[in-house]
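Working notes, beginning with the structure itself.
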Amino acid sequence: KVAQIDFHVVSENCIVVVNLAELNGTVIKPIFLRSLSPGFYQLTLNSPLSIDEVRPLSRYLLKADYCGSPVIVPFVTGR
């Protein structure tokens, strides 16, 4: 399955953090940490199956925080 986060950065040097997490919020794997300039961004995670900690056919959260605004996208791995 695909997990996708869209966000719009409006301020200069916005810190963006994206993590793969269990349903209870526990971070499994940090994915992205970067300061971004203003603009529209999209991060797509096609399948995290290459990450050792992830089990096939399981439910996870893609958690992002950009400029202090949280976004959480649930998704299921596997086919």
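Keep in mind it's a predicted model, so treat the numbers as computed, not measured. What's counted below: heavy atoms across the whole structure, side chains too, no hydrogens, waters or symmetry copies.
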Could you tell me which non-hydrogen atom of Ala64 sits nearest to which non-hydrogen atom of Ile5, and how far apart they are?
CB-CD1, 3.5 Å
How many angstroms lie between NZ in Lys63 and CD1 in Ile28, if you round to the nearest 0.5 Å?
10.5 Å
Hydrophobic cluster identity match, Val73 and Leu20, side-chain contacts under 4.5 Å
yes
Please report the interatomic distance CD(Glu22) to OH(Tyr60), rounded to the nearest 0.5 Å.
5.5 Å
CG of Asn19 to CD1 of Ile31: how many Å apart, nearest 0.5 Å?
7.0 Å
Evaluate the side chain to side chain contact (heavy atoms under 4.5 Å, CB included) criterion for residues Thr44 and Gln4: first the C-alpha distance (whole Å), next the side-chain angles of each, then the deciding distance (0.1 Å), finally the verdict.
CA-CA 4 Å; Thr44 303; Gln4 179 176 302; 3.5 Å; yes
Nearest 0.5 Å, please: how far is OG in Ser37 from CG in Asn13?
6.5 Å
If you compare all heavy atoms of Tyr66 against all heavy atoms of His8, which two are closest, and at what distance to 0.1 Å?
CE1-O, 3.7 Å
Group every Ile, Leu, Val, Met, Phe, Trp and Tyr by side-chain heavy-atom contacts under 4.5 Å, then state whether Leu62 and Leu23 land in the same group.
no
Using 30° and 60° as the class boundaries, would you call the ring planes of Tyr41 and Phe7 parallel, tilted or perpendicular?
parallel
Joint hydrophobic cluster, Val71 plus Val18, side-chain heavy atoms closer than 4.5 Å:
yes
Do any N or O atoms from the side chain of Asn24 and from the backbone of Thr26 form a donor-acceptor pair under 3.5 angstrom?
yes
Is any side-chain heavy atom of Pro74 closer than 4.5 Å to one of Leu61?
yes
Which atom names give the shortest non-hydrogen contact between Asp6 and Gln42, and what distance separates them?
OD1-NE2, 2.8 Å
Under a 4.5 Å side-chain heavy-atom rule over Ile, Leu, Val, Met, Phe, Trp and Tyr, are Val27 and Val16 clustered together?
no
